[in-house]
Amino acid sequence: MTRTAIVTGAARGIGAATARRLAADGYAVAVVDLDESSCAATVADITAAGGRAIAVGADVSDSCAVTAAVAHVETELGAPTILVNNAGILRDNLLFKMTEDDWDAVMSVHLRGAFLMSRAVQAHQVTAGWGRIVNLSSTSALGNRGQANYSAAKAGLQGLTKTLAIELGRYGVTANAIAPGFIVTDMTRATAARIGVEFDDFVEHATKEIPVQRAGDPEDIAAAASFFCSEGAGFVSGQVLYVAGGPRA
Ligand code: NAP
């Protein structure tokens, strides 16, 4: 039986790498992002490699869009029993400059989005008696200057993960979180641009603080997601895995 996975924010970056990896692992993959057309490249990569994928446009913070997206995935690929809550945005600023919109936007995509997606997908997981939820947290959950909103959301996702693990475990569903450190994506490129630093210099500076002496790639996170979604990880639940090239927490 081919299981169906949903990866949110999968048009690029960590989400795209995770979608490609889960397709290579043998799952049918729904590539979800704000704009359906932006998912085309990820879907094409998966299809070219012999996998099965569809593009789905949905804002994960919109309840109606989430319901429609999950129903569409069920029709096209079969009931989704794997969910990777990866969609994310940054609205960084020091606290005294952070607006209420900055706060609400970040909470909305990361926390409300993961809540809505998990609530919609758990119905299929409970029916199947099997499921996997992987939430993208961050080392910023431990606190990070300029990220009051983002760090609170990413810490919140760790609490959500543990509660999902407790509530859904009896239905054969595991829930785990991955907390990446510095990963080379458009998100870290945007951070460098915002603070006016060349990206290569930004990476070099970050790398000095990383024990393995390199920045992370999206594939590093995809590998961790692949493990959490595997059959063999069925006794691993409610965990937060820091994937940061060194110890955290
Ligand atoms: P990215 O390159 O910015 O990609 C994020 C994707 O999420 C984009 O395609 C974006 O679409 C999509 N998205 C944003 N809001 C959405 C919404 N409401 N509904 C659906 N999709 C939405 O980010 P990334 O670096 O790959 O990060 C992926 C995840 O890992 C995020 O949760 C991030 O917080 C987390 N993370 C990243 C790092 C890092 O160093 N990169 C470290 C720790 C944690 P648009 O392009 O249309 O905006």
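As the structure lists them, so they are numbered: ligands from 1, and atoms in each ligand from 1.
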The protein heavy atom nearest to atom 1 (P) of ligand 1 is R12 NH1, 3.3 Å
the protein heavy atom lying closest to atom 16 (C) of ligand 1 turns out to be L34 CG, 3.6 Å
Separation between CZ of F228 and CZ of R132, rounded to the nearest 0.5 Å: 11.0 Å
Any atoms of ligand 1 less than 4.0 Å from a non-hydrogen atom of H110? List them with their elements. 32 (O), 34 (O)
Please write down residue, atom name and distance for the protein heavy atom closest to atom 22 (C) of ligand 1. A87 CB, 3.6 Å
Yes or no: does G181 have any heavy atom under 4.0 Å from an atom of ligand 1? yes
Residue, atom and distance of the protein heavy atom nearest atom 19 (N) of ligand 1 read V60 N, 3.1 Å
Has ligand 1 got any nitrogen or oxygen that is less than 3.5 angstrom from a nitrogen or oxygen of F182? no
Could you state the interatomic distance from CZ (R145) to OG (S140), rounded to the nearest 0.5 Å? 13.5 Å
Provide, to 0.1 Å, the distance between atom 32 (O) of ligand 1 and the closest protein heavy atom, together with that atom's residue and name. N86 O, 2.8 Å
Using distance alone, decide if ligand 1 has a nitrogen or oxygen within less than 3.5 Å of any nitrogen or oxygen in I89. no
Just checking, is any N or O donor in the side chain of N176 or Q239 under 3.5 Å from an acceptor N or O on the other one? no
Let me confirm one number: the CG-CD1 distance from L164 to I133, rounded to the nearest 0.5 Å. 5.0 Å
State, without any angle test, whether D25 and S226 hold a side-chain donor-acceptor pair at a distance under 3.5 Å. yes
Quick check: do I46 and V31 have side-chain heavy atoms less than 4.5 Å from each other? yes
Distance-only polar pair, side chains of D101 and T99, donor-acceptor under 3.5 Å: no
Report the relative orientation of the aromatic rings in H110 and Y150; use parallel for angles under 30°, tilted for 30 to 60°, perpendicular for over 60°. perpendicular
Proximity to ligand 1 by part of I183, non-hydrogen separation under 4.0 Å: both
Have D45 and T42 got a donor and an acceptor in their side chains that come within less than 3.5 Å? no
Stepwise side chain to side chain contact (heavy atoms under 4.5 Å, CB included) test for R52 and L77: CA-CA 9 Å; R52 187 162 174 229; L77 297 177; 3.8 Å; yes
Can an N or O of T139 be found at a distance shorter than 3.5 Å from an N or O of ligand 1? no
What is the distance from atom OH of Y27 to atom CD1 of I6, rounded to the nearest 0.5 Å? 14.5 Å
For atom 5 (C) of ligand 1, tell me which residue out of G88, A17, A114 has the closest non-hydrogen atom. G88
Could you tell me whether Y150 and ligand 1 have an N or O pair separated by under 3.5 Å? yes
Does a donor on one side chain sit under 3.5 Å from an acceptor on the other, for S137 and Q158? yes
Under 4.0 Å between heavy atoms, the region of A179 that gets near ligand 1 turns out to be neither
Is it the side chain, the backbone, both or neither of S137 that has a heavy atom closer than 4.0 Å to ligand 1? backbone
Can a side-chain donor-acceptor contact be found between N135 and N85 if the only test is distance below 3.5 angstrom? yes
Does A58 have a non-hydrogen atom less than 4.0 Å from ligand 1? yes
To check your reading of the model: name the closest protein heavy atom to atom 12 (C) of ligand 1, its residue, and the distance in Å. D33 OD1, 3.4 Å
Could you tell me whether A11 and ligand 1 have an N or O pair separated by under 3.5 Å? no
Protein heavy-atom partner closest to atom 18 (N) of ligand 1 - residue, atom, separation in Å: D59 OD1, 2.9 Å
Between ligand 1 and V109, can you find any atom pair, the residue atom being a heavy atom, that is separated by under 4.0 Å? yes
Could you tell me which atoms of ligand 1, counted from 1 in the order shown, lie closer than 4.0 angstrom to a heavy atom of G13? 26 (O)
among protein heavy atoms, the one nearest atom 24 (P) of ligand 1 is T185 OG1, 3.7 Å
Give the atoms of ligand 1, by number and element, whose distance to some non-hydrogen atom of T188 is under 4.0 Å. 40 (O)
Thinking salt bridges, do E231 and R3 make one under a 4.0 Å N-O criterion? yes
